[in-house]
Amino acid sequence: MSFITTGFRELTLKVRRQRTRIALRHEKRLLQKSEIVLGRAGTAEAAKFPEVRNEIVALKKFEQEQKEVAARIAKIEEALKRIDAQRQANSHEQAAALAKLEDERRPILTQRDEAKTVADRCDNELATVDCRLRDHDNADRELLKKVEALQATEPPPNDLQDQMNRLSAQRARFPRERSEMEKARLGSEEACRNAKQKLTAADEQLAQADKKIAKVRGEFEARDRELNESARVQEEEVRQARQQHQTVEEKKNPAYLNIGRHLASQGIAPPSAPHLLAEVQRRRAAVDHHAQHKAELAELSKKIDKQELRKFYFTIFSLLALLAIILPLVSQSPAKRDWLPQATSAILSLDIEQFNKSPLARRWGKEQPGVWQKVVIGLLGEAAHTPGLNLAQDASRVTRALTNNDLGHQEEYVLVESKGDLAPVMRSIAQDKSFTNSTVTGLVVFQGRDVSVARVGPRTLAVGSLGEVEHLVHVRLGTEPDLKVEDPLLQRFQALEGDSVFRLVFRTSPEPGSFFGQLFSPLLTQATRGLGLSMNLAVPSKARLIVWARDPEKAKNLATSLQNEAARWLALPGSDFVFTTEPPKIEQKNDVLTLDFQIPEGAARLLLQRLAKVQPAPVAP
C-alpha cells in the first residue's frame, strides 16, 4: 500500500506548489508596482543613463500629449461654467417673466369669477321665475277642473253659485299675476344675457392671458433645452478627454517600469524618496525566495516513483467511477415505508405527537373526557394495548392496515413507530412473566394474554393477535407478499399530506362503510373508484380529500358537481353535518381530484367518532 502514501505525498506537493505559484504571482505584481513607483520618482536621476534614453524621450512625448489634453479639458470646463451661468440666468428671467404675467392675469381672473357669479345668480333668478310661472299655470288648470267638475255635478249643490263666484274671482286674478311674472321673466332674461356677455368677454381675456403665459414658458423651456443639450455635449467631450488623459498615463507605465528596474539594478534611489529603492529590493528578494521554493518542490516531485503514482491515480479514478454508479442507485432506491400485507384494503395512519397537541383534542378532552378517551382508544385500535410503551410520550406514529380475508372476516395489522430505541421496551417485555416467546424465521414474537408483539424494524413494533403479528413478521422477512411501492393503494396513501394528524385511504370507494360505517355520501362513493382523506385537528380543521374518478371526463363532471352542490356531495350520512359549508378548492389532474376545505368542529368530532366506532355524543350542529 506504499503507492497510497506516494499518491498523497504527490497531492500534498501539488497543493504546496499551487500555493507557491499564487504567492509568486502576487509578489511579482507588487514588485512591478514598486518598480513603476521608483521609476516615476527617479526620472530625473535616470536622465544621466543612456540606457533609458528612449524611455525618457517617450515620457516627454506622453507628457506633452497630456498637457494638450489638460488644456482642452480646462477649456471645456470653462465652457460648462458659462453654460451653467446661462441656465441660471434663463431660470431667473423665466421666473420674473412668469411672475409679471401672473400679476397681469390675476385681476382678469377676479373679473371672470365675478362675472360667473353674476351669471349664475341671474340663471337662478330666471329659473325661479319659470318655476313660479309653471306653478301659476298648474293652479289655473286646477281651478278650471274644479269649475268643470262643479258644473257637471248632478244634482247641483245648494251653494253652487257661491262656489262659482269664489272660483271665478280666483281665476280673475291670474291674468294680472301672469302678466307681472312675464315682465319679471323678461327682465331676468335681459340680465342673464348681459351677464353671459360679460362672462364670455372675461373668458376670452383669461384665455389670451393663459396663451401668453404658455408661450413665454415654452420659449424659456426651449432655450433651457438648448443649453442642456450643449452642456451634455460638452460633458461627453470632457469625459472622453479625461479618459484619453488616463490612457496616456497608463502608457507611461512601461517606461517608468524600465527606468525603475534600471535604477534598482544600479542601486540608485531618488533623494526625495530613498525608501522606494528599499521597497523594490525587498520585493525582489521575496520573488526570488518563492521562485526558489517552487523549484525545490518541482525537484521533489521528480523524485517520486511514477509507477506507484499511476497506481494511486488508477485507484482514485476507480473509486470515483464506482461512486458514480452507486450514488444514482442509492438516490433511486425506494423511500422508507411501512411493511404491510399485499391484501391491504385500507390504511389509517395517526401522528401521535400532533394528535395529542391539536386544539380540537385538548378542547374535546376538557369538555367530554369520557367520550374523548373512548375515541382515542378506538382510533388507536390494538396499538392502545402495546406493552412497555407509553404511546402519548414515546410513540410517534400508529399505522393500521385493514383487510378482508377469503372468508369475509376483517383482519387488522397494526404497526407502532417509536421515537427512540426499542431495546428497553423489548427488554421489559422479555422480563415479563406473562409473555411467552417464539421465533418466526429468526424474529422473536412475544405472546401475552391480550396482545402479541414483535419487533419488525429499528423503531417499529407489530401489535395485535398472534396470527396477525406472525403474518406481519413473514411480510417483513419477505416470505409473504407485501404491499409494493408501486401499488395504487400505497401511491394514494403517499399522495396525501404527510404532515397531517391522520391519513385515511381506501382501495375502493364502497370500503369505508364496511370498515368504519358511513363516512361519505352514497353519491360520492358510487361516482368514484377510490378515496383518500387527510386532516389536522385545528378548529376548524383543515382537510384534503383526494377522489379517484373513473375517467378524466367523469372527473370533470364530478368537480363541477362538488363545486356547485358541495353540501349534498360532501354530507355525513345519517346526520345534519357536512364536511364543508363552503365550496372546496378543487384541483384536477387527469382522473384525480384534490379537494382542500375546512371541516366544522361538529363534523370533525362526528367523523372521528365514526372512525373510532364510538356511539356519537350529542353535539349541536
Side-chain angles (χ1 to χ4, degrees), residues 1-29 289-342 344 347 349 396-397 399 415 417-423 441-443 455-462 472-499 503 589-590 592:
M1 301 296 286
S2 61
F3 68 92
I4 296 179
T5 305
T6 303
F8 281 113
R9 182 185 175 191
E10 174 61 16
L11 292 179
T12 304
L13 291 174
K14 284 182 179 294
V15 172
R16 292 175 63 186
R17 284 201 305 273
Q18 183 63 24
R19 291 174 59 186
T20 304
R21 281 193 292 268
I22 294 172
L24 182 59
R25 284 196 298 267
H26 178 67
E27 289 295 337
K28 285 183 177 180
R29 285 194 297 268
H289 171 72
H290 288 298
Q292 182 182 0
H293 186 56
K294 179 182 175 183
E296 293 174 355
L297 293 176
E299 188 65 26
L300 290 175
S301 294
K302 290 180 181 179
K303 297 178 181 180
I304 292 178
D305 188 352
K306 302 302 179 184
Q307 183 63 27
E308 292 189 351
L309 194 59
R310 282 192 290 270
K311 290 180 181 179
F312 175 77
Y313 286 146
F314 176 78
T315 304
I316 295 298
F317 290 143
S318 300
L319 290 176
L320 292 176
L322 188 60
L323 287 175
I325 297 172
I326 293 175
L327 289 179
L329 295 177
V330 172
S331 62
Q332 294 177 5
S333 61
K336 176 186 176 184
R337 62 188 179 93
D338 297 315
W339 295 90
L340 302 175
Q342 188 179 33
T344 300
I347 302 175
S349 176
S396 62
R397 189 162 64 103
T399 303
L415 296 177
E417 187 175 339
S418 173
K419 293 180 181 178
D421 187 16
L422 286 176
T441 320
L443 287 182
R455 184 175 181 176
V456 293
R459 295 184 180 180
T460 306
L461 293 176
L472 279 178
V473 170
H474 285 290
V475 169
R476 182 65 180 87
L477 294 174
T479 57
E480 293 287 345
D482 66 302
L483 192 65
K484 303 298 182 183
V485 175
E486 64 272 11
D487 190 280
L489 179 65
L490 194 56
Q491 291 180 350
R492 295 174 185 178
F493 181 74
Q494 297 295 339
L496 296 171
E497 293 182 336
D499 56 350
R503 291 182 287 173
K589 186 175 181 182
N590 296 329
V592 181

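All of these numbers come straight from a predicted model, not from anything done at the bench.
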Q: How long is the span from the CD atom in Gln307 to the NZ atom in Lys311, to the nearest 0.5 Å?
A: 6.0 Å

Q: Testing the basics here: between Lys419 and Arg459, what is the closest heavy-atom pair and its distance to 0.1 Å?
A: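 Here Lys419 and Arg459 meet closest at O-NH1, 2.9 Å.
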
Q: Using 0.5 Å steps for rounding, measure from the CG atom of Leu11 to the CG atom of Leu309.
A: 8.0 Å

Q: Mind listing the side-chain donor-acceptor pairs of residues 289-303 below 3.5 Å, one per line with the distance, residues two or more places apart or on another chain?
A:
| from | atom 1 | to | atom 2 | distance (Å) |
| --- | --- | --- | --- | --- |
| Ser301 | OG | Arg17 | NH1 | 2.2 |
| Ser301 | OG | Leu297 | O | 3.3 |

Q: Would you call Leu490 and Thr344 a side-chain contact if the rule is heavy atoms closer than 4.5 Å?
A: no

Q: Once rounded to the nearest 0.5 Å, what's the spacing between atom CG of Leu323 and atom CG of Leu319?
A: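 Interatomic distance, Leu323 CG to Leu319 CG, rounded to 0.5 Å: 6.5 Å.
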
Q: So which heavy atom on Ser349 is nearest to which on Phe493, and how close?
A: CB-CZ, 3.4 Å

Q: Which residues pass the ring-ring contact (aromatic ring centres under 6.0 Å, His included) test with Phe314, sequence neighbours left out?
A: none

Q: Could you tell me the separation between the CG atom of Leu340 and the CZ atom of Arg476, rounded to the nearest 0.5 Å?
A: 11.5 Å

Q: Would you indicate whether Lys306, at its atom NZ, is surrounded by more than 12 heavy atoms from other residues, nucleotides or ligands within a distance under 6.0 Å?
A: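 Yes, NZ of Lys306 has more than 12 neighbouring heavy atoms, counting only those of other groups under 6.0 Å.
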
Q: Just verifying a value: how many Å separate Leu483 CG and Leu489 CG, rounded to the nearest 0.5 Å?
A: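 CG of Leu489 is found 5.5 Å from CG of Leu483.
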
Q: Atom CD of Glu308 and atom OG1 of Thr6: how far apart are they, to the nearest 0.5 Å?
A: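 Spacing of CD (Glu308) from OG1 (Thr6) equals 4.0 Å.
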
Q: Can you tell me if CZ on Arg19 sees more than 12 non-hydrogen neighbours from other groups inside 6.0 Å?
A: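 Not buried by this count: 12 neighbours or fewer within 6.0 Å.
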
Q: To check you understand the geometry: which heavy-atom pair defines the closest contact between Thr315 and Phe3, and what is its length?
A: OG1-CE1, 3.4 Å

Q: Identify the two heavy atoms, one from Ala462 and one from Leu472, that lie closest to each other, and give their separation to 0.1 Å.
A: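 Answer, listing the atom of Ala462 first, then Leu472: CB-CD1, 3.6 Å.
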
Q: For Ser418 and Ser396, which heavy atoms make the closest approach, and how far apart are they?
A: O-OG, 4.0 Å

Q: Looking at Gly457, is its backbone amide N or carbonyl O close enough to the side chain of Arg455 to form a donor-acceptor pair, meaning the two atoms are under 3.5 Å apart?
A: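 Yes; at least one donor-acceptor contact below 3.5 Å.
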
